[in-house]
Amino acid sequence: MIDLTLLRENPDVVKASQRARGADESLVDQAVAADEARRSSLQQFEVLRAEQNAFGKLVAAAPKDEKAALVAQAQDLAAKVKAADAAAAESQLVLDTVMWKIENVVLDGVPVGGEDDFVVLREVGEKRAFDFEIRDHVAIGESLDIIDIERGAKISGSRFYFLKGWGARLELALMSLALDQAAAAGFTALITPTLVRPEVMAGTGFLGEHADEIYYLPADDLYLTGTSEVALAGYHSNEIVDLSEGPARYAGWSTCYRREAGSHGKDTRGILRVHQFNKLEMFSYIEPEQAEAEHAKLLAWQEEMLQKCELPYRVIDTAAGDLGSSAARKFDAEAWVPSQASYRELTSTSNCTTYQARRLNVRYRREDGKTANVATLNGTLATTRWLVAILENHQQIDGSVLIPKALRPYLGGQERIEPKPSKTPKAGA
RNA sequence: GGAAGCGUGCCGGAGCGGCCGAACGGAACAGUCUUGAAAACUGUCGUAGUUAAUAGCUACCGUGGGUUCAAAUCCCACCGCUUCCUCCA
């Protein structure tokens, strides 16, 4: 939710932001009108209520024989108060509904336009020149017997998979490397619930247009989270967070579930786009003034991880139209995927400024003792998808895959994954 | 799954339907005293909305409804917690 004061004082700024996103600009005028209506009806209610409160004291103090007459009078007033209360509540609801729809105000410098209008900030690392026929991660995963997609489909359907042997260990190694890096940077590790209540899912802004992306368990009225961001953002909801010692930073690990409802036929091969994967997510609660600096730090930590995995990548500044509704700015890091001869998103970091915190009612105490909404930021530090880039970029002519040095300590010193004849027959073979 | 109990401010903990935004204790903050500190004493000490206002008014005692002229206090539902039994990784 955006700041109501900003809406009142600078509606044009909000309008310009909506325009840049390709979102509905008229919502701004609707909100301004709803705010005025709300304040006026609230005033009416409060005046009547004050009258009723004063009258109540009169009734309480009155001698017994006068009470009946006074109560009779008060009944009329009570009816008016009830009506005014209902009207005020209604106007509040109208305002909330509109405010809930207005997206975060984009920051200066965010590229205008849609999905394809991103700006490339930099390209880092050498793309390898392969002097042999490269294979994609599916072929590599099969020959090394570390990814079993057929059996994944057999037991759970398409977009499910098994990680096996060194594949399973590689993912755990990746997560551990990321967690260690995050911990060293001052993040508190957090293993989060992946089933959350409707109000948490709504509060983090995931139940809007993309509601069909989310798994829902009707028997329990719970949602499966597509990212630990949901739990991490909800962690401090309705709290006043202590930021006097610096920002609160959490590294959340969880399995993530996505229905991929809108992406039929897209990335159907392999484990690039799946219903279930693991992710280590960084999340910061910080004073709003420091949000942009924190955003740069999150991005730097992501790049550090990519470099540890020895992956060539580029960083893009996402255009306004491609931002999530909570994000004021978003940077993606995309790794080079040789089999596709293109860059694919491995990380994403969003500065949500105070938007998410306002919805979830997360505040901190400023130096002057007043409370204010914090800023929240999030960013990926590792996901299962990284295996795609690692396997493909580090494949060798002999069919093996060289393990990035930073990961080796987490794999018992193992330097490469060698193809070996599988003892388990292929499914259906 | 069965049974009982409980949800009040930063914490603990009172609260006959009107005098309760809420006793009392602790913590915290400011001051007095002190060379300084502790102790003692004095004071301050919830959040938000509205408003030009740190004036006033309004709302908030788990959440949402209801009863009443009036609800922290009565009724209902939900959520959560605790204990016991049952079950279980």
Side-chain angles (χ1 to χ4, degrees), chain A residues 1-9 31-100 191-204 207 216-223 230-231 234-245 248 254-255 285 288 354 357-374:
Chain A
M1 197 159 60
I2 61 159
D3 184 8
L4 201 52
T5 313
L6 176 73
L7 177 83
R8 276 177 211 157
E9 290 170 3
V32 170
D35 180 43
E36 277 165 20
R38 168 186 143 269
R39 279 191 281 174
S40 110
S41 66
L42 192 61
Q43 283 289 297
Q44 288 177 38
F45 162 72
E46 289 188 354
V47 167
L48 282 167
R49 180 60 125 183
E51 210 177 310
Q52 185 187 35
N53 285 343
F55 207 93
K57 288 189 177 129
L58 219 63
V59 174
K64 275 197 180 133
D65 53 332
E66 290 174 26
K67 251 182 192 158
L70 284 171
V71 166
Q73 280 184 54
Q75 276 170 339
D76 180 48
L77 189 57
K80 279 191 199 157
V81 169
K82 200 171 181 179
D85 191 10
E90 170 64 22
S91 65
Q92 178 74 54
L93 192 68
V94 170
L95 176 63
D96 286 345
T97 308
V98 185
M99 285 297 280
W100 217 245
I191 295 178
T192 63
T194 54
L195 288 168
V196 300
R197 305 207 165 148
E199 60 266 30
V200 177
M201 198 53 109
T204 44
L207 278 190
Y216 173 61
L217 277 58
D220 300 283
D221 195 22
L222 289 168
Y223 291 89
V230 176
Y235 189 68
H236 283 305
S237 60
N238 295 313
E239 289 182 22
I240 297 175
V241 186
D242 183 9
L243 297 184
S244 60
E245 307 287 313
S254 82
T255 300
Y285 293 88
T354 54
R358 203 169 279 111
R359 282 186 169 212
L360 292 165
N361 189 27
V362 186
R363 293 167 298 168
Y364 74 107
R365 204 168 289 283
R366 298 191 310 200
E367 293 220 349
D368 62 8
K370 298 217 154 114
T371 59
N373 288 111
V374 302

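As the structure is a prediction and not an experimental result, all values here were calculated from the model. Hydrogens, waters and symmetry mates are skipped; everything else that's a heavy atom, side chains included, is used. Every chain is numbered from 1 and lettered A, B, ... according to where its sequence line falls, protein lines coming before strand lines.
- Within the structure, salt bridge (Lys or Arg N to Asp or Glu O under 4.0 Å) contacts touching residues 37-54 of chain A (residues at least two apart or in different chains) are Asp35(A)-Arg38(A), Asp35(A)-Arg39(A).
- Applying the side-chain contact (heavy atoms from CB on, under 4.5 Å) criterion to Thr354(A), with sequence neighbours excluded, gives Pro288(A), Arg358(A), Asn373(A).
- Nucleotides rC76(B) and rU67(B), compared at atom P, are 15 Å apart to the nearest Å.
- Taking the P atoms as reference points, rA22(B) lies 14 Å from rC61(B), given to the whole Å.
- Taking Leu195(A) as the reference, Leu217(A), Leu222(A), Leu224(A) meet the side-chain contact (heavy atoms from CB on, under 4.5 Å) condition, with sequence neighbours excluded.
- Asp221(A) places a side-chain heavy atom less than 4.5 Å from the side chain of Pro198(A).
- Judged as a side-chain contact (heavy atoms from CB on, under 4.5 Å), and not counting sequence neighbours, the contacts of Ala34(A) are Val94(A), Leu95(A).
- Distance check: Leu4(A) CG to Glu9(A) CD gives 10.0 Å after rounding to the nearest 0.5 Å.
- Taking the C1' atoms as reference points, rC87(B) lies 46 Å from rA48(B), given to the whole Å.
- For RNA chain B, the contact window with chain A, defined by any atom under 4.0 Å from a protein heavy atom, covers rG18(B) to rG80(B) in 5' to 3' order.
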- Task: With pairs defined as Watson-Crick or G-U wobble and both distances under 3.5 angstrom, please note down RNA chain B as a dot-bracket string, | for pairing with another strand.
- Result: ((((((((.[[[..)..(.....]]].(((((.......))))).(((((.....))))).[[[[[..)....]]]]])))))))....
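- With sequence neighbours excluded, the residues satisfying side-chain contact (heavy atoms from CB on, under 4.5 Å) with Val32(A) are Leu7(A), Pro11(A), Glu36(A).
- The stretch residues 76-83 of chain A touches RNA chain B through Ala78(A), Lys82(A), each having a heavy atom within less than 4.0 Å of the strand.
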What donor-acceptor contacts under 3.5 angstrom involve side-chain atoms of residues 234-241 of chain A, with partners at least two apart or in another chain?
{"residue": "His236(A)", "atom": "ND1", "partner": "Glu239(A)", "partner atom": "OE1", "Å": "2.7"}
{"residue": "His236(A)", "atom": "NE2", "partner": "Tyr250(A)", "partner atom": "OH", "Å": "2.7"}
{"residue": "Ser237(A)", "atom": "OG", "partner": "Gly234(A)", "partner atom": "O", "Å": "2.8"}
{"residue": "Asn238(A)", "atom": "OD1", "partner": "Asn361(A)", "partner atom": "ND2", "Å": "3.1"}

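- Smallest separation of non-hydrogen atoms from Ser41(A) and Ser91(A): OG-OG, 2.7 Å.
- The separation of rC10(B) from rG46(B), taken at their C1' atoms, amounts to 9 Å, rounded to a whole angstrom.
- Rounded to a whole angstrom, the distance from the C1' atom of rG80(B) to that of rC16(B) is 29 Å.
- Residues meeting the ring-ring contact (aromatic ring centres under 6.0 Å, His included) test with Tyr223(A), sequence neighbours left out: Tyr216(A).
- Between Ala231(A) and Pro193(A), the closest heavy-atom pair is CB-O, 3.9 Å.
- For the C1' atom pair drawn from rG1(B) and rC75(B), the interatomic distance equals 28 Å after rounding to whole Å.
- Nearer the 5' end of RNA chain B, as judged by each residue's closest nucleotide, is the contact made by Arg363(A), out of Ala72(A) and Arg363(A).
- Look at the P atom in both rU73(B) and rC19(B): the space between them is 13 Å, to the nearest Å.
- Near-neighbour residues of RNA chain B inside residues 49-57 of chain A, defined by a heavy atom below 4.0 Å, number-ordered: Arg49(A), Ala50(A), Gln52(A), Asn53(A), Gly56(A).
- Nearest approach of Thr194(A) to Ser254(A), heavy atoms of both residues: CG2-CB, 3.8 Å.
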All N/O donor-acceptor pairs, side-chain side in residues 68-86 of chain A, below 3.5 Å, sequence neighbours left out:
none

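- Nucleic acid contact class of Arg358(A) (heavy atoms, under 4.0 Å, all strands): none.
- If you find the closest nucleotide of RNA chain B to Val47(A) and to Ala74(A), the one lying nearer the 5' end belongs to Val47(A).
- Taking atom P on both nucleotides, rU44(B) is separated from rG56(B) by 15 Å, rounded to a whole Å.
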